[in-house]
Undergrad: 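Below you'll find the structure I mean.
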Amino acid sequence: MKQDSPRQAVVPVLVPVPTETPYSYAVPDDMTVVPGSIVRVPLGPREIAAIVSDQPAGAVDARKLRPISAVFDCPPLPGESLRFIAWIAQYTMTPPGMVARMFLRAPAALDPEPPVNGIARTECLPDRMTAARGRVLEIAETGSGWTRPGLARAAGVSASVIDGLKAQGVFEDIVLPPQPVVAEPDPAFKQPDLSADQIGAGRVLRDMAEKGGFGVCLLDGVTGSGKTEVYFEAVAAAIRQGRQVLILLPEIALTHAFLERFQDRFGAKPAEWHSDLPPRMRERVWRQVAENQVRVVAGARSALFLPFRDLGLIVVDEEHDPSYKQEDRVFYSARDMAVVRGHLGGHPVVLASATPSIESRYNAQQGRYRRVALPARFAEAALPELGTVDLRRNPPARGGFLSPVLIDEIAKTWRRGEQSLLFLNRRGYAPLTLCRVCGHRFQCPDCSSWLVEHRFRGQLLCHQCGYAEQRPEACPSCGALDHLVACGPGVERIAEEVVSHFPDARSIVLSSDLAGGVRRLRLELEAIEKGEADIVIGTQLVAKGHNFPNLTLVGVIDADLGLANGDPRAAERTFQLLSQVTGRAGRTGKKSLGLLQTYQPDHPVMRAIVSGDWETFYERETAERERAGLPPFGRLAGIIVSAATRAEAEGHARALRRVAPGDAGIVVLGPAEAPLSLVAGRYRFRLMVQGGLRADLQAFLRAMVKAGPSPRGSVRVQIDIDPQSFL
DNA sequence: AGCACGCCGACT
DNA sequence: GTCGGCGTGCTC
């Protein structure tokens, strides 16, 4: 539908505030805007960036109308993006302005990059030549453009040398063109050496990318089967067609490893997009994506809201990863929204995982997605030999958590000069502290979960809400001194046990609360990769993406952990996590071993991992959910909850928010991904129920359901996402 | 979501 | 007598 846009006096504008409809703004006579134009508008006392909408605005008093201040000098968002905003708003029950806000996350990028002043050679030659001048002229020949201080530094001279040359007309002032954020990737840079399986799978994906148009392919291949190289074939095809490519990665996996693999294949790095990108870089990436200067973006979930002009392919790597879910403000699953974006814009979507989620498997089984499987590990990367250690038959020594079998294997591995990884998904020293005299258990005053002892810090922490207190000497209940006992293991405690068995081995603990933050963590990981540790004890952050080249033993301290928390996804999650962790071994070419300590070696999760028969596990899981009245998908009932005031409604929302994600099982409320929306009069709150809800919260919700809507104003809780109908 | 306005408690 | 807490309402 092409038509000349008539002069509009008033246009609808999506402002980043939670209103149901766009606001109306007057368009000054000398201004032209189209739907998608990014504009600066006055809103109350401030000026903010907003998007001209194609949806009708609500009625407004003409006296309130204010004019658009300016149109930003950047390309308007394409219609596809506007439809994407509207779709997400509707699906997630979020005000459209709040969704639009996600497209405006790089405010400074809305204006063109400030021009950078540089200098360039002229035809003139200097009157006298000196050593310093010679160096400057030599360096100036290299590179694509120099700033005055840049050239001086590169030539190792002071800026006055350059000023002298400039005074003679040897250099002149110019404005440097904006520098591309990354080099152009070359699809033919290096032809990969693929196995027969990879070639077959790669051909399917390449065809999808070449043909274009919407379609979803689930690329399912065990760790080390070379999934990445396979979807790179599709990426190459899209680049050849001159289209843009978005590769989504779980946040933690934005590691050097991926970027380097990409560079090996394409000769240049992809543009990165994630939360700790420096602001400058962020702006440049945003702008160059909008101007179709960037071919490939590798990013975390927020990259989904970059203003691509000509997207030709979306890849979601590790599609099962829970970090694709955003749980604040706008609640969405980036994996699902990637499929939606592909659908709206007519792009192929590749979902890749070694352990696909149940819902993606189900969608593939139903024929909604195409499925391509890579059965074997590639080349020299042999699978580790996997086994369970039955803790009933091989119990740890009193007060310990390592079975003799595991200790023996650690010893052997260490003697061979190889590395061991001990995995326990629990931070701190002990998950429960109690008083041996009176039985007092340390509980969080705010949310009633056990306080976890962190011995290195001397604190008791609530892992649920972040509450912290100093670890006391005496029992706060009966006053007894020295009778507090730690129950159960955390990584710190395992480290203690490791030191007692292997005092001469170099051991290290890695968890997200490591003192020194992310930077320290990165350093430690590098040190481990260089072989500077013998025994690594870590939480789930060691499961992702790092290559420990000398690792030949993975011991899972408590493989049962997480199976009994009532989460309907418990088995699936445990399976995914343990597969990933044991996959850390066996990348060396050497013989390697993965051992799962468990009290239930016959549990389907253990059997699936040990036997490698994942197909049976998936079938069983799907059937299990159906039996429990939790089909993998399905529309869920709404719940009416009453609240008299905004404060009360907010209180409910906060309470739900704090305890919802990843907690114990929700049966009344249905499967894991159900988003709840609380709507109280004009106030509206949402949250995503990920793992399920704790029993006390279920009771709370049930009570509210019974209470029914309040005549004074109500909070409505809705749970009605239906993944089957999300297209 | 921000931000202003407004009404009650501890301070220069 | 004011500073500042957050409860309430509004933004085209």
Side-chain angles (χ1 to χ4, degrees), chain A residues 7-29 31-72 76-77 82 85-86 88-108 110 275 301-302 305 326-332 446 642-658 675-688 710 712-715:
Chain A
R7 171 130 299 160
Q8 309 129 306
V10 174
V11 289
V13 176
L14 280 175
V15 286
V17 303
T19 64
E20 291 308 311
T21 59
Y23 281 178
S24 300
Y25 280 88
V27 184
D29 285 342
M31 184 186 283
T32 313
V33 296
V34 296
S37 291
I38 300 179
V39 293
R40 198 173 68 230
V41 293
L43 184 69
R46 62 212 160 112
E47 293 241 318
I48 43 163
I51 301 171
V52 176
S53 176
D54 53 1
Q55 302 295 117
V60 65
D61 187 338
R63 283 172 305 174
K64 283 189 177 175
L65 215 57
R66 296 166 79 181
I68 295 174
S69 312
V71 187
F72 285 103
L77 295 181
L82 291 181
I85 291 172
I88 293 180
Q90 191 271 330
Y91 181 78
T92 63
M93 292 178 281
T94 310
M98 290 288 96
V99 181
R101 211 171 72 116
M102 298 197 292
F103 273 87
L104 302 169
R105 273 317 183 49
L110 300 173
S275 53
R301 58 181 184 236
S302 59
F305 303 101
Q326 170 144 70
E327 298 174 320
D328 52 65
R329 295 184 175 92
V330 181
F331 295 70
Y332 66 92
D446 296 335
S642 64
T645 63
R646 172 175 169 175
E648 196 183 335
E650 277 177 350
H652 292 335
R654 263 198 304 276
L656 289 165
R657 220 166 266 233
R658 197 172 55 230
L676 295 181
S677 167
L678 299 176
V679 183
R682 328 196 319 279
Y683 309 114
R684 187 177 177 129
F685 309 94
R686 300 200 65 269
L687 80 141
M688 180 91 86
S710 146
R712 285 190 290 163
S714 66
V715 179

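A, B, ... follow the sequence lines: proteins, then strands. Residue 1 opens every chain.
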Undergrad: Thr32(A) and Val71(A): which non-hydrogen atoms are nearest, and at how many Å?
TA: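 Where Thr32(A) meets Val71(A) most closely, the heavy atoms are O-CG2, 4.1 Å.
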Undergrad: Taking the side chain as everything from C-beta on, heavy atoms only, tell me whether Ile48(A) gets closer than 4.5 Å to Leu104(A).
TA: no
Undergrad: Please classify the nucleic acid contact of Pro42(A) as base, sugar-phosphate, or nothing, using heavy-atom distances under 4.0 Å.
TA: sugar-phosphate
Undergrad: Any heavy-atom pair between the side chains of Val41(A) and Tyr23(A) that's under 4.5 Å?
TA: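 Side-chain contact under 4.5 Å: no.
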Undergrad: By the 4.0 Å heavy-atom rule, please label Pro45(A) as base, sugar-phosphate, or nothing.
TA: sugar-phosphate
Undergrad: Rounding to an integer number of Å, can you tell me how far Ile51(A) CD1 sits from dC12(C) P?
TA: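 These atoms are roughly 18 Å apart.
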Undergrad: Atom CG of Leu104(A) and atom C1' of dA1(B): how far apart are they, to the nearest Å?
TA: 13 Å
Undergrad: Rounded off to whole Å, could you give me the CZ-to-P distance for the Phe103(A) and dA1(B) pair?
TA: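 Phe103(A) atom CZ is separated from dA1(B) atom P by 19 Å.
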Undergrad: Quick one: does Pro12(A)'s side chain get under 4.5 Å of Pro56(A)'s, heavy atoms only?
TA: no
Undergrad: Using only atom types and a distance under 3.5 Å, with no angle test, would you say the side chain of Ser53(A) pairs donor to acceptor with the backbone of Gln55(A)?
TA: yes
Undergrad: Please work out which residues in residues 59-66 of chain A have a non-hydrogen atom less than 4.0 Å from an atom of DNA chain C and list them by number.
TA: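 Listed by number, they are Val60(A), Lys64(A), Leu65(A), Arg66(A).
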Undergrad: Round to the nearest Å and state the distance from Met98(A) atom CE to dT11(C) atom P.
TA: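 Between P of dT11(C) and CE of Met98(A): 16 Å.
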Undergrad: Roughly how many Å is it from CE in Met102(A) to P in dA1(B), rounded to a whole number?
TA: 13 Å
Undergrad: Give one of base, sugar-phosphate or nothing for Arg101(A), where a contact means two heavy atoms less than 4.0 Å apart.
TA: sugar-phosphate
Undergrad: Restricting to ring pair (Phe, Tyr, Trp, His ring centres under 6.0 Å), what partner residues turn up for Tyr25(A), sequence neighbours left out?
TA: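 Partners of Tyr25(A) under the ring pair (Phe, Tyr, Trp, His ring centres under 6.0 Å) test: none.
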Undergrad: What is the distance, to the nearest angstrom, from the CG atom on Leu14(A) to the P atom on dT11(C)?
TA: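 The distance from CG of Leu14(A) to P of dT11(C) comes to 18 Å, rounded to the nearest Å.
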Undergrad: For Glu47(A) and dG2(B), what is the distance between atoms CD and P respectively, to the nearest whole Å?
TA: 16 Å
Undergrad: Could you give the CZ-to-P distance, from Arg46(A) to dC3(B), as a whole number of Å?
TA: 5 Å
Undergrad: Are the side chains of Ser24(A) and Leu65(A) in contact, using a 4.5 Å heavy-atom criterion?
TA: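 In short, these two side chains touch, coming nearer than 4.5 Å.
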